[in-house]
Visitor: 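Structure below; questions to follow.
Hydrogens, waters and symmetry mates play no part in the numbers below; they use all other heavy atoms, side chains included.
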2 protein chains.
Amino acid sequence: MLGKLYETQVCSAARTLEIVGERWSLLIVRNAMFAGMTRFTEFQRSLGIAPNILTKRLTEFVEAGLFEQRPGPVYALTAKGRELQPIILALTAWGDRWAAPDGPPVTYEHAGCGGEVVVEAACERCGERPPPPGVTAQVAGWARRRQDARPVS
Amino acid sequence: MLGKLYETQVCSAARTLEIVGERWSLLIVRNAMFAGMTRFTEFQRSLGIAPNILTKRLTEFVEAGLFEQRPGPVYALTAKGRELQPIILALTAWGDRWAAPDGPPVTYEHAGCGGEVVVEAACERCGERPPPPGVTAQVAGWARRRQDARPVS
DNA sequence: GATCCCACTTGCGTGATGCAAGTGACCCGG
DNA sequence: CCGGGTCACTTGCATCACGCAAGTGGGATC
């Protein structure tokens, strides 16, 4: 949970980043999601994250509903937390393309089928996958009015 | 560019987060991508970001190849920068689902067609869209060996 | 009892961010 | 010409986030 929120941003991406935009957050989620980690020391060891930071992150994830804490203690992803998956996949894909000189270290597979799982933007109406310039943002009327009512500086 | 990198993480998502994981970074990219912003004060005003932080971010984005700086000065997204789009879309989608009590403030449309653009994980082999538990991570052999050669603590 | 492991907590130092004022360049109007 | 406004930053300082390392308490095992 970001200390200072993005309050002037009427935008869901900003809302998401308020919850998982801090240092280590998405890597914690990644390890829970894909390495099956549930224990404090598992996360700590695998990430090299300081225990006070990990405590803070896990506590806030539980409060935000991304994880639930069970006796043990076990930190288990909720449905809400699991649905962060496309973000992890998209981050991975970009990194594979532009920041992986040795090739992709991790690939994601469809369990059972064995095919590679990729994350892509596609049009719900026609099915096409538009290149980035072919995607435009439409701001809802109420959102535009709310944005205008919130001058930043 | 994160101050302390995620050096022990052999993972492209971590590489990506090293470049765009700092505060404001993805919101800057979002504004460039979807609001056509190219000028310093445009970003500064719309985000309410401190000028010293914005300077630092833009400079590093140019160094990392996400933006190029032209006379004006104009900050223009490169192809590398534009390919961050699925990340923005995925962040938005999660936020729409779980953090938008008033509904989605922004939707993304397929230019021309008008259909909504969504980002989804799909299997390249069979075309299915597996739910999160149906996606598994496969770590490449060299990556596992490199990870094992990098004890964290 | 001693030892080990786990799940944190604590205290302090360093680095990131926020705030607000300032600077220099440029443009426009009087 | 001068003054005012705008833009693109820079600077100095305060606050907050994170890193580091030691510590504490609980539980299990020998």
Visitor: Output the rounded distance in Å from CD1 (B:Ile53) to P (D:dC9).
Guide: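 One finds 15 Å between P of D:dC9 and CD1 of B:Ile53, rounded.
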Visitor: Is there a donor-acceptor pair closer than 3.5 Å between any side-chain N or O of B:Gln138 and the backbone N or O of A:Thr107?
Guide: no
Visitor: Using 4.0 Å as the upper bound for N to carboxylate O, is an ion pair formed by B:Asp96 and A:Arg15?
Guide: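 Judged by the 4.0 Å cut-off on N to carboxylate O distance, A:Arg15 and B:Asp96 do not form a salt bridge.
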Visitor: A:Glu22 CD to C:dT17 P: how many Å, rounded?
Guide: 11 Å
Visitor: Any idea which of D:dC20, D:dA17, C:dG18 is nearest the B:Lys4 side chain?
Guide: D:dC20
Visitor: Between B:Trp24 and C:dG18, is there a side-chain N or O to OP1/OP2 distance below 4.0 Å?
Guide: yes
Visitor: Would B:Met1 and B:Glu63 count as a side chain to side chain contact (heavy atoms under 4.5 Å, CB included) here? Give the steps.
Guide: CA-CA 10 Å; B:Met1 192 70 76; B:Glu63 282 165 10; over 6 Å; no
Visitor: Can you tell me how far P of D:dC16 sits from CE of A:Met1, to the nearest Å?
Guide: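 Atom-to-atom, A:Met1 to D:dC16, this comes out as 18 Å.
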Visitor: Report the distance from atom CD1 of B:Ile28 to atom C1' of C:dT17, rounded to the nearest whole Å.
Guide: 13 Å
Visitor: Evaluate A:Leu27 against B:Gln9 for side chain to side chain contact (heavy atoms under 4.5 Å, CB included), listing each step before the verdict.
Guide: CA-CA 9 Å; A:Leu27 295 180; B:Gln9 306 301 307; 4.3 Å; yes
Visitor: Using OP1 and OP2 only, check whether a side-chain N or O of B:Arg23 sits under 4.0 Å from D:dA17.
Guide: no
Visitor: Ring centres of A:Phe61 and A:Tyr75 under 6.0 Å apart?
Guide: no
Visitor: Could B:Glu116 and A:Arg125 be called an ion pair, given the rule that one side-chain N must be under 4.0 Å from one carboxylate O?
Guide: no
Visitor: Without decimals, in angstroms, what is the distance between B:Lys56 NZ and D:dC9 P?
Guide: 16 Å
Visitor: To the nearest Å, give me how far apart CG (B:Leu54) and C1' (D:dA8) are.
Guide: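 That distance rounds to 10 Å.
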Visitor: Once you round it to whole Å, what is the distance between P of D:dC18 and CG of A:Leu47?
Guide: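 Rounded to whole Å, this separation is 14 Å.
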Visitor: Between the protein and nucleotides 6-13 of chain C, are there any N/O to N/O pairs under 3.5 Å, and if so, what are the atom names and distances?
Guide:
{"residue": "C:dC6", "atom": "OP2", "partner": "A:Arg45", "partner atom": "NH2", "Å": "2.7"}
{"residue": "C:dA7", "atom": "OP1", "partner": "A:Arg39", "partner atom": "NE", "Å": "2.7"}
{"residue": "C:dA7", "atom": "OP1", "partner": "A:Arg39", "partner atom": "NH2", "Å": "2.5"}
{"residue": "C:dA7", "atom": "OP2", "partner": "A:Thr41", "partner atom": "N", "Å": "3.1"}
{"residue": "C:dA7", "atom": "OP2", "partner": "A:Thr41", "partner atom": "OG1", "Å": "3.0"}
{"residue": "C:dC8", "atom": "OP2", "partner": "A:Tyr75", "partner atom": "OH", "Å": "2.6"}

Visitor: For the pair made of CG in B:Leu2 and C1' in D:dA17, what is the distance, rounded to whole Å?
Guide: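 Result: 13 Å.
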Visitor: Is the gap between the ring centers of A:Trp24 and B:Tyr6 under 6.0 Å?
Guide: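 Here the rings of B:Tyr6 and A:Trp24 have centres that are less than 6.0 Å from each other.
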